[in-house]
Amino acid sequence: MQRFFQRLWKWYGNHARNLPWRDTSNPYQIWVSEVILQQTRVAQGIDYYHNFIFTFPDIASLAHAPEEKILKIWQGLGYYSRARNMQAAARLMMDKYGGNFPVRYSEIAELPGVGPYTAAAIASFAFGLPYPAVDGNVKRVVARLFALHEPVQSAAFMQQALALLQELMPGKRAADFNQAMIELGATLCSPRNPACDQCPVAEMCEAHRTGTTDRFPVTRPKKAAVKRYHDYLFLESKGETWLQKRPEMGIWAGLYEFPVHILEYDAGLSPLEIFGNWFYNPGEAVVADRTEFTHLLTHQTIFARFWHLCSDRTNIVEQKNCTRIAMEEIETLPVHRLMHKYLEKKDWRDSTEKQ
DNA sequence: GAAACGTGGGG
DNA sequence: TCCCCAAGTTT
């Protein structure tokens, strides 16, 4: 045990990455970073973290912001309920804690969007409380260190990991302990080809001792991802394009997008079969050719097809939640990745036109 | 407990 | 190209 910590502290002191949220003990900033990092890689989260803190520097500014402004900052990051939960939590903190961050684990864990991991991370990083923060990295490290055979997704695994980590948890330096365990999993104890030769605690690792690091953590087979086939209709006329707001439930809730037809199988429908009811005069309204299929996602396969309307009189049937929006205005609306990418590179439209 | 919920990078 | 999975939480 002594040796374990000597090695761990020395390694962490020398190899900890310099990450923006490690420079602060401000619970608000730590909370923001932890929510952003849920199921999200550090490299992807850093810019979002800076933008978020710059735009909403404290609990009050987040609580009072228009929801669409928060979603706009979150645009492209995914799991958008995180952004809404953060505002709900900020408002709760205004009402219940006078705009201050709660300091007890139980209170932190009650905040919307804050589960066991995030609560422990905030409690330890901001307040030094000795709660083990068990994320995917720590699960992997613990599974190998103690050769835990329970599936990593199971409640049994979590119980065992928690018990072991609580036993290990030092009275002082709870924050460093959690950070170091996470860092170990993130940088050396990787899912495949772990760098055991550089690991400070390899000699105390049961999986390493028995040459079985590649068998841990044990995982259950996972269900195949659901595919979605999207047929998008891109309509533009005189500097305006047609957008609609998605429903408040389900994927991309409340974000904006082009008119779309989504199926979980490829129906092979023609543009008119899909969008015909949008037009009073379908034969005349759709003037551009079907252009290209764009492969957008890997495990959720999405195909996008774009068409143009060049006519002045687009004659679109009224749809609920549909609005004509000027191009400049679109820049301020929260959209999901397809639109996000489109707005980043406006030449998408041009490149499809050339076909 | 299982499914839903995004997106991006690495091997 | 395809599969994995990442500082998880909610329902």
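Please read these numbers as outputs of a predicted model, since none were measured by experiment. In the text below, chain A, chain B and the rest are named by the order of the sequence lines, each starting its count at 1.
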**Item:** Interatomic distance, His336(A) NE2 vs dC5(B) P [rounded to whole Å]
**Value:** 13 Å

**Message:** Classify Arg17(A) by what it touches in the nucleic acid, base, sugar-phosphate, or nothing, heavy-atom distance under 4.0 Å.
**Reply:** base

**Prompt:** Atom CD of Glu248(A) to atom P of dC5(B): distance rounded to whole Å?
**Reply:** 14 Å

**Prompt:** Start at the 5' end of DNA chain B and walk down; is the nucleotide closest to Gly76(A) or to Gln153(A) reached first?
**Reply:** Gln153(A)

**Asked** Counting side-chain heavy atoms from C-beta on, which of dG6(B), dA6(C), dG1(B) comes nearest to Ala155(A)?
**Response** dG1(B)

**Request:** Would you mind reporting whether Ile36(A) and Tyr49(A) have side-chain heavy atoms less than 4.5 Å apart?
**Result:** yes

**Request:** With the side chain counted from C-beta on, respond yes when His149(A) and Arg215(A) share a heavy-atom pair under 4.5 Å apart, and no when they do not.
**Result:** no

**Message:** For Trp9(A) and Phe5(A), take the angle between the two ring planes, folded into 0 to 90°, and tell me which bin it lands in: parallel under 30, tilted 30 to 60, perpendicular over 60.
**Reply:** tilted

**Message:** Using whole Å, what does the distance between atom P of nucleotide dG6(B) and atom CZ of Arg246(A) come to?
**Reply:** 9 Å

**Request:** Can you tell me the distance, in whole Å, between the CG atom of Leu37(A) and the C1' atom of dT7(B)?
**Result:** 14 Å

**Prompt:** From dG8(C), dC5(C), dA7(C), pick the nucleotide closest to the side chain of Gln39(A)?
**Reply:** dG8(C)

**Message:** What's Gly250(A) touching, base or sugar-phosphate or nothing? Going by heavy atoms closer than 4.0 Å.
**Reply:** sugar-phosphate

**Message:** With a 4.0 Å limit, can you tell me whether Tyr48(A) has a side-chain N or O closer than that to the phosphate oxygens OP1/OP2 of dT7(B)?
**Reply:** no

**Message:** Mind checking if Trp74(A) touches a base, just sugar-phosphate, or nothing, with heavy atoms under 4.0 Å?
**Reply:** nothing

**Message:** Without decimals, in angstroms, what is the distance between Tyr79(A) OH and dC5(C) P?
**Reply:** 14 Å

**Asked** Within less than 4.0 Å of OP1 or OP2 of dA2(B), is there a side-chain N or O belonging to Arg220(A)?
**Response** yes

**Item:** Residue Trp252(A), side-chain atoms from C-beta onward, closest of dG11(B), dG6(B), dT9(C)
**Value:** dG6(B)

**Request:** Please report, rounded to the nearest Å, how far the P atom of dG11(B) is from the CZ atom of Arg192(A).
**Result:** 8 Å

**Request:** Pick base, sugar-phosphate or nothing for Val114(A), based on heavy-atom distances below 4.0 Å to the nucleic acid.
**Result:** sugar-phosphate

**Request:** From the options dC5(B), dG8(C), dG9(B), select the nucleotide whose nearest atom is closest to the side chain of Thr118(A).
**Result:** dG8(C)

**Item:** Between dA7(C) and dA3(B) - C1' atom distance, rounded Å
**Value:** 22 Å

**Item:** Residue Arg82(A), side-chain heavy atoms: nucleotide from dC5(C), dA7(C), dG6(B) that is nearest
**Value:** dG6(B)

**Asked** So, for Phe101(A) and Tyr97(A), is the gap between ring centers shorter than 6.0 Å?
**Response** no

**Fill in**
Result for 5'-nearest mapping on DNA chain C, choosing between Ile182(A) and Ala109(A), is Ile182(A)

**More than 12 heavy atoms from other groups under 6.0 Å of CD on Glu248(A)** = yes

**Note, Gln198(A) side chain near Thr187(A) side chain (heavy atom, < 4.5 Å)** = no

**Message:** Under 4.0 Å, heavy atoms only, any strand: does Leu19(A) hit a base, just the sugar-phosphate, or nothing?
**Reply:** base

**Prompt:** Choosing from dA7(C), dA6(C), dG11(B), which nucleotide comes nearest the side chain of Asn193(A)?
**Reply:** dG11(B)

**Request:** Please state how far atom CD1 in Ile36(A) lies from atom P in dT9(C), giving the value in whole angstrom units.
**Result:** 15 Å

**Prompt:** So does Gln38(A) get a side-chain nitrogen or oxygen closer than 4.0 Å to the phosphate oxygens (OP1/OP2) of dG8(C)?
**Reply:** no

**Gln39(A): partners by side-chain hydrogen bond (donor to acceptor under 3.5 Å, both in side chains), with sequence neighbours left out** = none

**Message:** Would the base of dG6(B) count as contacting Thr40(A) through its side chain, where contact means a donor and an acceptor less than 3.5 Å apart?
**Reply:** yes

**Prompt:** Starting at CE of Met249(A) and ending at C1' of dA3(B), how long is that distance when rounded to a whole Å?
**Reply:** 14 Å

**Message:** Using atom C1' in both nucleotides, what's the gap between dG1(B) and dG8(C) to the nearest angstrom?
**Reply:** 16 Å

